[in-house]
Amino acid sequence: MKIGYPCINWSIGCTANTTFRLANYTDQLLLEKSINNIGCLKKILKYNLDHDIFLFRIGSDFIPFASHEICNVEWDLMLKEAFIDIGNFIKEHNMRISMHPDQFVLLNSEKKDVLENSIKELVYHAKLLDVMDLDETAKIQIHVGGVYDDKEKSIERFVKNYKKLPERVKARLIIENDDKSYSLKDCLEIHKKTKVPIIFDAFHHECLNNEEPLAEAVKLASKTWKKKDGILIMDYSSQKMGERKGAHATNIDEQLFKKFLEETKGLDFDLMLEIKDKEKSALKAISIAKSMKRL
DNA sequence: AGTTGTCAAGCTAGT
DNA sequence: ACTAGCTTGACAACT
């Protein structure tokens with residue numbers, strides 16, 4: 001099991017998510033920020049290596065405005081050496097990378113331009129992982145999307161649009177059960193029609209489910225992953241006390257996490273901790289997992 | 001130097 | 001028909 005955290009490391013004093021305003025766009029600025037982000041990512045990965053953290057999510061702003069029509073610069077070619085260097089580091093240490101395009105990426109949108117922009121954004125994500133020469137275990141996770149007052153039709157639209165995606169996107173795309181609209185069961189229905197692997201979000205499953213116990217749900221999701229996809233990735237969080245249902249906790253609840261590890265005993269997966277204090281909780285989780293002989 | 005409003009993109013629930 | 005909230009850091013303009 002690899003344990004990791006998304007996008008930000010608060011300990012090392014740099015971020016791999018620096019960006020700028022669209023109004024200020026220049027190719028020069030894009031390259032400058034990207035180089036900064038690549039440099040910081042390397043620092044984060046080194047930190048991770050030193051702390052037994054082998055899973056990390058790269059933020060979507062890594063190459064700012066990469067999928068926007070204003071961007072004509074060939075960042076993948078111009079920064080190729082740096083990408084290869086990062087990729088080598090990742091491969092050399094057997095790390096795993098994921099990405100998570102945000103709420104605007106909707107493969108089941110009823111609007112043509114939303115779909116087009118979504119595909120462009122997915123192509124950018126795939127290109128980034130490709131240029132680092134990572135294998136197909138490096139994944140891009142999205143939600144199914146909106147319901148648009150008709151879930152069955154919206155699922156059909158997802159399936160239809162999924163089938164038209166470029167192969168290099170399909171090779172990495174995975175879908176996530178969400179906390180409001182599309183449950184694990186819905187995702188499994190989509191999987192049947194597309195073969196897209198399902199990233200299982202344990203916290204979302206608590207918010208929205210069809211009575212499947214945790215271990216059973218994990219097994220169902222695991223079966224959607226082929227050998228070339230690697231083992232199941234799971235997102236983990238817990239409820240932030242006093243906030244709306246679905247709000248992510250600020251730090252990991254050690255008791256709940258122990259319970260989680262017990263309930264998933266014998267199951268194989270990589271674990272992404274979607275918890276606000278990031279690497280701090282990852283370190284705690286790793287220490288707990290070691291004490292329970294899971295690492 | 002510190003504070004505050006704003007940022008490419010959408011959907012949903014509530015008024 | 002319209003707006004706030006999601007979730008949330010980081011930029012950029014303004015004290």
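Protein chains get the first letters and strands the later ones, always in sequence-line order, with residue 1 at the start of each. What you see is a predicted model, and the numbers here were worked out from it, not measured in a lab.
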Does CE in A:Met292 sit with more than 12 non-hydrogen atoms of other residues, nucleotides or ligands closer than 6.0 Å?
-> yes
Base, sugar-phosphate alone, or nothing: which one does A:Val105 contact when heavy atoms must sit under 4.0 Å apart?
-> nothing
Whole-Å distance, A:Asn37 CG to C:dC11 P, equals 9 Å
Given atom CG of A:Asp102 and atom P of B:dC7, what is their separation to the nearest angstrom?
-> 16 Å
In terms of side-chain heavy atoms of A:Phe104, which of B:dA9, B:dC11, B:dA8 is nearest?
-> B:dA9
With rounding to whole Å, what would you report as the distance between C:dC2 and B:dA8 at their P atoms?
-> 24 Å
Are the side chain of A:Ser281 and the backbone of A:Asp277 linked by a donor-acceptor contact shorter than 3.5 Å?
-> no
Minimum side-chain heavy-atom gap A:Leu273-A:Ile252 below 4.5 Å = yes
When we call it a touch if two heavy atoms are under 4.0 Å apart, what does A:Asn24 touch: a base, just sugar-phosphate, or nothing?
-> sugar-phosphate
Go through B:dC11, C:dG9, B:dG10 for me and flag the one nearest to the A:Gln103 side chain.
-> B:dG10
Would you mind pulling out the nucleotide paired to B:dA9, Watson-Crick or G-U wobble, both distances under 3.5 Å?
-> none
Return yes when atom NZ of A:Lys192 has more than 12 non-hydrogen atoms of other residues, nucleotides or ligands closer than 6.0 Å, and no otherwise.
-> no
When rounded to whole Å, the CG to P distance for the pair A:Asp277 and C:dT8 reads 12 Å
Out of B:dC11, C:dG9, B:dA9, which has the shortest distance to the side chain of A:Glu121?
-> B:dA9
Touch class at under 4.0 angstrom, heavy-atom based, for A:Ser118 against every strand present | nothing
Would you mind classifying the nucleic acid contact of A:Ile70 as base, sugar-phosphate or nothing, using non-hydrogen atoms under 4.0 angstrom?
-> nothing
With heavy atoms under 4.0 Å as the rule, sort A:Ser67 into base, sugar-phosphate or nothing.
-> base
Kindly point out which of C:dG9, C:dA12, B:dG10 is positioned nearest to the side chain of A:Phe20?
-> C:dA12
Of the nucleotides B:dC11, B:dT12, C:dG9, which one has an atom closest to the side chain of A:Lys111?
-> B:dC11
Between A:Ile119 (CD1) and B:dG10 (C1'), how many Å, whole number?
-> 16 Å
Rounded distance (Å) that lies between atom C1' of B:dC11 and atom NZ of A:Lys151 | 15 Å
Taking C:dT8, C:dA10, B:dA8 as options, the one with an atom nearest any side-chain atom of A:Lys276 is C:dT8
Please work out if A:Phe65 contacts a base, only the sugar-phosphate, or nothing of the nucleic acid, heavy-atom cut-off 4.0 Å.
-> base
As its Watson-Crick or G-U partner within any shown strand, both distances under 3.5 Å, B:dT15 has C:dA1
Rounded to the nearest angstrom, tell me the gap between atom NZ in A:Lys120 and atom P in B:dG10.
-> 13 Å
If you measure only the distance, is there a donor-acceptor pair under 3.5 Å linking the side chains of A:Asn37 and A:Thr18?
-> yes
For the residue pair A:Leu232 and A:Leu267, establish whether any side-chain heavy-atom pair is separated by less than 4.5 Å.
-> no
Nearest-angstrom distance, P atom, B:dA9 to C:dA12 = 16 Å
Whichever of A:Lys278 and A:Lys33 has the more 5' nearest nucleotide on DNA chain C, that residue is A:Lys278
Measure the distance from OH on A:Tyr148 to P on B:dT12 and round it to the nearest whole Å.
-> 6 Å
Verify the contact: side-chain N or O of A:Thr15 to OP1 or OP2 of C:dA10, cut-off strictly under 4.0 Å; return yes or no.
-> yes
Would you classify A:Lys180 as touching base, sugar-phosphate or nothing, given that sugar-phosphate means primed atoms plus P, OP1 and OP2, and contacts are heavy atoms under 4.0 Å?
-> nothing
In whole Å, what is the span from the OH atom of A:Tyr25 to the P atom of B:dA9?
-> 17 Å
For atom P, what is the distance between B:dG5 and C:dG5, given to the nearest Å?
-> 15 Å
C:dT3 to B:dC7 separation - P atoms, rounded to the nearest Å | 16 Å
Is any side-chain heavy atom of A:Ile142 less than 4.5 Å from a side-chain heavy atom of A:Glu176?
-> no
Quick one: which of C:dG9, B:dA8, B:dG10 gets closest to the side chain of A:Trp10?
-> C:dG9
